[in-house]
Engineer: 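I have a structure I would like to understand better, so I am pasting it below and will then ask my questions one at a time.
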Amino acid sequence: MDTRHMRYFMALAETLHFGRAAERMNMSQPPFSRQIAMIEHTLGVKLFERNSRNVALTSAGKHFMKDCRNVLGQFEDACRDVRLVSSGMKGELRFGFMMHAAHSVVPQLVQLYAEARPDVRLVLDERTPTEIDEMLVAGTLDAAVTFDCGYAPRLQTVLLAREQLRIIMRKEHPFSDAEQIGPEELHDEKIIAAPAATAPALRSAINSYFSAKGIVPHVVLEPRLQHTIIQLVVKGLGVALIPSSLCSELGAGLMSRALTDAPQLDVVLRAPITTKNPAVSTFMEIGRLIQRTSL
């Protein structure tokens, strides 16, 4: 037996009339009657009481009707869901992002996507930029927000925002009264910065900012995460150049100042060009919408 036989049974169980049930199934009555008899023979159970005037369900038939309705409903749901998954309307999308992007473009991106595709489950994964690039290429992330590190032949890229760096320091720092601070003023400062192996674009921007003035930054600590960098600045272990989006929630002991000719980084949404996840296309479209409204 298969779902086709269940539908024969349900047609008769719901109409209790062989003629109308056969018509519903686009059959003449004799072959339809043979199908019902075959179902009862296969099950070894009498499902209907019938005579020349009436058709009625047996107790076994009533129970079988309930179960068939559930099975057919689940089967129809499965057929619908597989079409939705294939069209990107349902399924799962693994989304990676840099920690600092949670303070800027990620909330808007996630909100807009959740509104557009409520049946797609977003799996959020906070990672460092280097981890994001590796996972995108490996296919363990479907899309991600990261810094633009330049040419990426296997990835499609949408520019979301351009973000300047600012310097953070303790409030009692001698530079706290300055409106802007340039690399010349920072040549003797202890700098805390993420290593190039973790955030190559960010570290390159910091190094280039100093080298443009012939200065080698005095980097004393290289934690991987921006939150750790901020906490180390709180302890007075140095100053740091961080994305401006992180400067709005520094806490009572810290302050930020603008940098003269501040370095600027492109924040991008990326996904593998050869992605097999149909849910990604709408994600990238929303990224383009954010691009048009933010740049």
Side-chain angles (χ1 to χ4, degrees), residues 97-105 126-134 137 144-152 155 157 159-251 253-268 270:
F97 60 95
M98 305 176 293
M99 180 275 293
H100 100 273
H103 297 259
S104 55
V105 296
E126 183 178 318
R127 295 280 179 167
T128 66
T130 297
E131 289 172 335
I132 285 172
D133 290 340
E134 292 172 350
V137 171
V145 170
T146 186
F147 289 128
D148 188 0
C149 295
Y151 181 57
L155 301 175
T157 301
L159 176 62
L160 297 178
R162 289 192 168 97
E163 187 160 13
Q164 289 187 337
L165 299 185
R166 291 175 66 89
I167 185 168
I168 61 169
M169 64 194 78
R170 288 168 61 99
K171 287 188 174 180
E172 60 269 24
H173 194 282
F175 292 155
S176 60
D177 292 332
E179 290 187 7
Q180 286 192 337
I181 300 170
E184 298 90 346
E185 288 87 0
L186 298 173
H187 71 281
D188 290 329
E189 290 291 325
K190 295 177 180 178
I191 306 296
I192 304 172
T198 296
L202 177 58
R203 186 60 179 268
S204 176
I206 293 172
N207 290 343
S208 296
Y209 183 63
F210 285 95
S211 64
K213 299 296 182 180
I215 300 169
V216 177
H218 180 37
V219 178
V220 293
L221 294 169
E222 296 183 296
R224 296 172 69 248
L225 302 179
Q226 295 294 305
H227 278 163
T228 305
I229 290 174
I230 292 171
Q231 292 307 310
L232 293 174
V233 176
V234 169
K235 295 299 183 182
L237 298 175
V239 300
L241 281 64
I242 68 172
S244 58
S245 59
L246 285 173
C247 294
S248 60
E249 301 178 6
L250 290 176
L254 295 183
M255 61 180 298
S256 74
R257 285 290 181 261
L259 293 166
T260 304
D261 299 322
Q264 183 172 269
L265 290 168
D266 288 346
V267 178
V268 298
R270 280 185 162 165

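Hydrogens, waters and symmetry mates play no part in the numbers below; they use all other heavy atoms, side chains included.
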Engineer: Hey, are Ser104 and Glu163 close enough side-chain-wise for a donor-acceptor pair under 3.5 Å?
Structural biologist: no

Engineer: Would you check if there is a donor-acceptor pair between the side chains of Thr157 and Arg270 at a distance under 3.5 Å?
Structural biologist: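 Looking only at side-chain atoms, Thr157 and Arg270 do form a donor-acceptor pair, the distance falling under 3.5 Å.
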
Engineer: Would you give the length of the straight line joining atom NE2 of His187 to atom CD1 of Ile215, rounded to the nearest 0.5 angstrom?
Structural biologist: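 CD1 of Ile215 is found 7.0 Å from NE2 of His187.
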
Engineer: Going by heavy atoms in the side chains, are Val145 and Val268 under 4.5 Å from each other?
Structural biologist: no

Engineer: Looking at residues at least two apart in the chain, or sitting in another chain, which of them share a salt bridge (Lys or Arg N to Asp or Glu O under 4.0 Å) with Glu131?
Structural biologist: Arg224

Engineer: Taking the side chain as every heavy atom from C-beta outward, state whether Asp148 and Leu265 have any atom pair closer than 4.5 Å.
Structural biologist: no

Engineer: Using side-chain heavy atoms (C-beta onward) and a distance below 4.5 Å, is Thr128 in contact with Ile132?
Structural biologist: no

Engineer: Side chains of His103 and Gln226: do they bring a donor and an acceptor to under 3.5 Å?
Structural biologist: no

Engineer: Calculate, to the nearest 0.5 Å, the distance between atoms CD and CG belonging to Gln164 and Asp261 respectively.
Structural biologist: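 Between atom CD of Gln164 and atom CG of Asp261 there are 9.5 Å.
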
Engineer: Using 30° and 60° as the class limits, which term best fits the ring planes of His100 and Phe147: parallel, tilted or perpendicular?
Structural biologist: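 Taking Phe147 first and then His100, their aromatic rings lie parallel (interplane angle under 30°).
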
Engineer: So which atom in Phe97 and which in Ala102 form the shortest heavy-atom distance, rounded to 0.1 Å?
Structural biologist: CE1-CB, 4.0 Å

Engineer: Please report whether the ring centroid of Phe210 lies less than 6.0 Å from that of His218.
Structural biologist: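 Ring centres of Phe210 and His218 not closer than 6.0 Å.
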
Engineer: Is any side-chain heavy atom of Pro263 closer than 4.5 Å to one of Leu259?
Structural biologist: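 In contact.
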
Engineer: Does Leu165 reach the side chain of Ser244, with side-chain heavy atoms less than 4.5 Å apart?
Structural biologist: no

Engineer: Quick one: salt bridge (Lys or Arg N to Asp or Glu O under 4.0 Å) partners of Glu222, sequence neighbours excluded?
Structural biologist: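 Salt bridge (Lys or Arg N to Asp or Glu O under 4.0 Å) check on Glu222 returns Arg203.
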
Engineer: Roughly how far, to the nearest 0.5 Å, is the SG atom of Cys247 from the CE atom of Met255?
Structural biologist: 10.5 Å

Engineer: Val233 and side chain to side chain contact (heavy atoms under 4.5 Å, CB included): which single residue from Thr228, Leu254, Leu250 fits?
Structural biologist: Leu254

Engineer: Between Ser208 (side chain only) and Ala205 (backbone N and O only), is there a donor and an acceptor less than 3.5 Å apart?
Structural biologist: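 No; judged by distance alone, with no hydrogens or angles, the pair does not exist.
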
Engineer: Side chains of Ile242 and Ile230, heavy atoms from C-beta outward: is any pair under 4.5 Å?
Structural biologist: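 Touching, per the 4.5 Å side-chain cut-off.
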
Engineer: If only atom types and distance count, is the side chain of Thr198 paired as donor or acceptor with the main-chain N or O of Ala194 below 3.5 Å?
Structural biologist: no

Engineer: Can you find a heavy atom in the side chain of Leu186 that is under 4.5 Å from one in the side chain of Pro217?
Structural biologist: no

Engineer: Whether the side chain of Arg257 engages the backbone of Gln180 through a donor-acceptor N/O pair (distance < 3.5 Å, no angle test) should be reported.
Structural biologist: no

Engineer: Please test Glu134 against Arg127 for side chain to side chain contact (heavy atoms under 4.5 Å, CB included), starting from the C-alpha separation and ending with a verdict.
Structural biologist: CA-CA 11 Å; Glu134 292 172 350; Arg127 295 280 179 167; over 6 Å; no

Engineer: Does atom CD of Glu179 have more than 12 heavy-atom neighbours, drawn from other residues, nucleotides or ligands, at distances under 6.0 Å?
Structural biologist: no

Engineer: Once rounded to the nearest 0.5 Å, what's the spacing between atom CD1 of Ile168 and atom CG of Leu241?
Structural biologist: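 Going from the CD1 atom of Ile168 to the CG atom of Leu241 covers 9.0 Å.
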
Engineer: Could you give the distance from OG1 (Thr260) to CD1 (Ile167), rounded to the nearest 0.5 Å?
Structural biologist: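 Result: 10.5 Å between the selected atoms.
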
Engineer: Restricting to non-hydrogen atoms, name the atom on Val219 and the atom on Ala193 that form the minimum distance, rounded to 0.1 Å.
Structural biologist: CG1-N, 4.4 Å

Engineer: To the nearest 0.5 Å, what is the distance between CD1 (Ile229) and CD1 (Ile191)?
Structural biologist: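 Between atom CD1 of Ile229 and atom CD1 of Ile191 there are 11.0 Å.
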
